[in-house]
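Throughout, a chain's letter reflects where its sequence line sits, starting with A, and its residues are numbered from 1. What you are looking at is a predicted structure, and each value in this text was computed from that prediction instead of being measured. Atoms considered below: every heavy atom in the structure, side chains included; atoms not considered: hydrogens, waters and symmetry mates.
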Amino acid sequence: MAEYDPQAIEAKWQKNWEEQRAFEADPDPDRAKYYVLEMLPYPSGTLHMGHMRNYTIGDVVARYRRMRGFNVVHPMGWDAFGLPAENAAIQRGIHPREWTLGNVVEFKKVCGRFGFSYDWRREIATCDAEYYHWNQWIFLRMLERDLAYRKKSRVNWCPKCATVLANEQVVNGCCWRHEDTPVEVREIEQWFFRITRYAEELLKDLDGLAEGWPERVVTMQRNWIGKSAGARVRFAVAELAGKTVEVFTTRIDTIYGAAAVILAPGHPLVAELLAGLPARAEAEAKLAQMKQASAKAEDLATAEKTGFATGRHAVNPFNGEKLPIWVGNFVLMEYGTGAVMAVPAHDQRDFEFCTKYKLPIPIVIQPTDGAPLSAETLKEASTEYGKLVNSGPYTGLTSEEAIRRMTADAEARGFGRGEITFRLRDWGISRQRYWGTPIPVIYCQRDGIVPVPDDQLPVRLPEKVAISGQGQSPLAGVPEFVNVKCPKCGGAARRETDTMDTFVDSSWYFLRYLDPHNSKKPFEPELARYWFPVDQYIGGIVHAILHLLYSRFLCKVLRDLGFVQASEPFTRLFTQGLVLKGGTAMSKSKGNVVGAMEMAVKYGADTGRVYTLFAAPPEKDMEWSEQSVEGCARFLKRVHRLMERHAPSVRAHAAGMGDLASASEKEKVLLRKTHQTLRRATNDFETRWHFNSAIALIMELVNEIHAQEPFGDAVRPAVLKEVLELLTLMLAPMAPHIAEELWEMLGHNGGLIQASWPQYRAEFAAEEQVEIVAQINGKVRAKIVVEVGLDEDSLAARAMGDPKVAEAIRGKQIVKKIVVPDKLVNIVVR
RNA sequence: GCCCGGGUGGCGGAAUGGCAUACGCGGGGGACUUAAAAUCCCCUGUCCUUAACGGGACGUGUGGGUUCGACUCCCACCCCGGGCACCA
């Protein structure tokens, strides 16, 4: 007997699949397509089992769908631009491309070793000019439509690196490379994508994703977009004729309760207000201090509210009341108008601020039920809707009515209007980095911002660059790159030296897979018409907002450019759990990784796959256990031995179940267990993706086959072959190599890779007898075995005939009998 | 603070409102073996009771509720994990 040898088996079948190009998929109008995709990986150094879980899940789905007859496209590629490559370059003195492509080679090797069924003809790397050419092309189309624009904005700045950092490179308010250096806020010119133009649609289309996306991801996106309906109201500055300040409020009904108008420290009006005032110098010092404060979100949220009065006043347009204008650290320039009216009685932040600075706290909303509010006893703001008081002509209205009428009146009287505001901000895509897509614009003294003409694309990244991690974009130090002629006037001009955020790369790659080598367009719309959208997307919850939102945005942009028809890129989204070791997520930096290649070498890919599927349902986090890995290895060995024992005697026979009437008892048991397993496993594959319980079921089936051994003459070869074939087919998506081997042992010439998922047969799965639970007052008192389908009365009679039941109910009054056919009898007695 | 997810044996986990703990790990015992490994078989929630076979009670974070019957549904709360966070 040959021992199960995963190394040999896996190499053999991987070669076989490659030779028959088993995973190459092309459009076929006669077959239903299925696009399954795992999130584009960043090819970092070490691949561990945390990564492999994601791809294993995707591969099981891809293989299962193929077995169900779908034309499955399952591509893979590399998110190859990014900072780690630049840092590696600095640390090791090698070019980022070299480092990245070296990792890609490793990554591909591991993917192959795990038997992932990718169509490698479609492989892309975002750092190839062949790919980023089309980033630039899309950028230019967006520029034409005013979807890309340049403006000054606040960014994270590390003084030690002397460069801008992405939000994700800010760790605890400090630079990720200088952990003791707080990030500063600076204002610089940057390129933006106008994602806010799609805010309403991005929000509305979430409704359509509720079916196929995890609820929490939909909720997170909804909150992130943060739509809020309110009004914009203009206040005149009392001391400066013609000057006004606009505030945004969702509670215009509380405007008679305003105690002040508060501006963000960065508000453009602040300087004008302070000009000419005696306390100006002092105020400006306070202002500078506020602007220096930590930009960290948690700090912002918990920092004590501070502010100062400017000495100027704003006129409440509703009642002419003069309100002091303050500057407050809690007012955000980025949201609304950068100015708020402070209504301390009905907003908690305003309450804290006004209490601290001893501003009045007038009450203008009384609750419709409960005790009325009084200024003396108010401990916190009352933010509920209610009835208006002390509000001039609006007194007595409900909040809802007041909001409607006051908004209309403000508009009629010309000092305000209703407005929808979003929390979502435009996407800053400029990075002062080398290893990314060059932004294809040129700055000309005469012509200003000039797009690089399409026929001059791609703007290639120069290879020879000094990457120091210091100062500005390294590209600025390459004169051949920077100094160009203006495409319009031919005069001397400078090329943009910033590169694009790598999230641009990953926001449309799933379309490039469909036509990866097109040199005329980003992709052929006809191909997208067949394959797109992605039917099943699989990845980590980490990308719940950024990547998934950007991809949705670019999909809509490409739709409006006429390239795709779908408005949403991912019909279904699956977010898999983390792989933990020692309680924390596997990561190289924490040193708690189990290497993917080591795993494959020690146990084989199938064991690695089966274990990651078996340890927990795929959406949950799982804790790595080496001992459980061994359990899975044992299981596969056991299956292999089972086949070695029986394949020789069945391989010459055709599989067939015959009919039940002539079946022996052992045959019935085997067929029943097999078809029950198939029924439940199919359900697990189709609906819940609970591969852990699918594997458990198959283990049970194997145990049952063991329990029925030896078979002797009681099990005919055709029946046994049927059982073993179904077992093999069920194993195929999860442990594809050993399944192919078992299939061959069973006498098949053609590969399992062409086989279909089997259909279970109800007549074989059906039990002849069932065990019925007999309960007294809901407690189990006996179990009786009866034939299936026994009617309620007979079942009740049989239960009561059981000695234990009879004993329990003797002398008691029967109140009620509950009978569930084929399940239980519950007798309620008193 | 707000929004998700979760809490079941020693561990990972399983259960359309109907036998709680399937399957696997670990542990214990046995078979095979000169021995070990590998393999195969049996046992393995807690407590009480019995010489034993067996019998009984309790048991899915806590407290209530609905129901003939609750891990599952409802209400309140506790704990753990994650996300968002001065959004006017």
Counting just side-chain N and O atoms, does [X] come under 4.0 Å of either OP1 or OP2 of [N]?
| X | N | answer |
| --- | --- | --- |
| A:N777 | B:G69 | no |
| A:R781 | B:C19 | no |
| A:R423 | B:A85 | yes |
| A:R688 | B:A15 | yes |

Cationic N near anionic O, under 4.0 Å, A:E626 to A:K602: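 Looking at A:E626 and A:K602, the cut-off is met.
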In plain terms, say whether A:K817 and A:E792 are close enough for a salt bridge, that is, a side-chain N and a carboxylate O under 4.0 Å apart.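 Answer for the salt bridge query: no.
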Checking all strands, does [X] fall into the base, sugar-phosphate, or nothing category for heavy-atom contacts under 4.0 angstrom?
| X | value |
| --- | --- |
| A:R232 | nothing |
| A:E623 | nothing |
| A:R222 | nothing |
| A:E334 | nothing |
| A:V331 | base |
| A:S228 | sugar-phosphate |
| A:D347 | nothing |
| A:G226 | nothing |
| A:E771 | base |

Is the A:F711 ring parallel, tilted or perpendicular to the A:H646 ring (thresholds 30°, 60°)?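 Tilted: the ring planes of A:F711 and A:H646 meet at 30° to 60°.
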Under 30°, 30 to 60°, or over 60°: which ring-plane class applies to A:F415 and A:F318, parallel, tilted or perpendicular?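 If you compare the ring of A:F415 with that of A:F318, the planes turn out perpendicular.
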Counting primed atoms plus P, OP1 and OP2 as sugar-phosphate and everything else as base, spell out the protein contacts along nucleotides 36-46 of chain B at 4.0 Å heavy-atom distance: B, S or - for each nucleotide, 5' to 3'. ---SS------
Using the [atom1] atoms only, state how far [M] lies from [N], rounded to an integer number of Å.
| N | M | atom1 | answer |
| --- | --- | --- | --- |
| B:C77 | B:G82 | P | 23 Å |
| B:G63 | B:C79 | C1' | 15 Å |
| B:U8 | B:U62 | C1' | 15 Å |

Find which nucleotide of RNA chain B each of A:K816 and A:A615 is nearest to by heavy atoms, and output the residue with the more 5' nucleotide.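 Nearest-nucleotide comparison on RNA chain B picks A:A615.
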Earlier contact from the 5' end, RNA chain B, for A:V828 and A:S628: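 Upstream on the strand: A:S628.
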Going from CG on A:N316 to CG on A:L323, what distance comes out if it is rounded to the nearest 0.5 angstrom?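 The CG atom of A:N316 sits 5.5 Å away from the CG atom of A:L323.
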At what distance, to the nearest 0.5 angstrom, does CG of A:D347 lie from CE of A:M341?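 That separation rounds to 9.0 Å.
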A:S391: side chain to side chain donor-acceptor pair (under 3.5 Å) partners, not counting sequence neighbours: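 Counting only residues at least two positions away or on another chain, A:S391 forms no side chain to side chain donor-acceptor pair (under 3.5 Å).
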Classify the glycosidic conformation of B:G9 as syn or anti, calling it syn when the angle lies within 90° of 0.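 Syn, angle within 90° of zero.
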Which nucleotide in B:C86, B:G13, B:A14 has an atom nearest any side-chain atom of A:S693: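 Side chain of A:S693 sits closest to B:A14.
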Does A:R572 count as lying over the ring of A:W213, i.e. NZ or CZ under 6.0 Å from the six-ring centre, within 45 degrees of the axis?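 No, a cation-pi geometry is absent between A:R572 and A:W213.
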Look at the side chain of A:Q775 against the base of B:G18 and say whether a donor-acceptor pair falls under 3.5 Å; ignore hydrogens and angles.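 For A:Q775, whose side chain was compared with the base of B:G18, there is a donor-acceptor pair (under 3.5 Å).
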Do A:K305 and B:C86 have a side chain to base donor-acceptor pair shorter than 3.5 Å?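 Looking at the base of B:C86, it does pair with a donor or acceptor on the side chain of A:K305 (distance under 3.5 Å).
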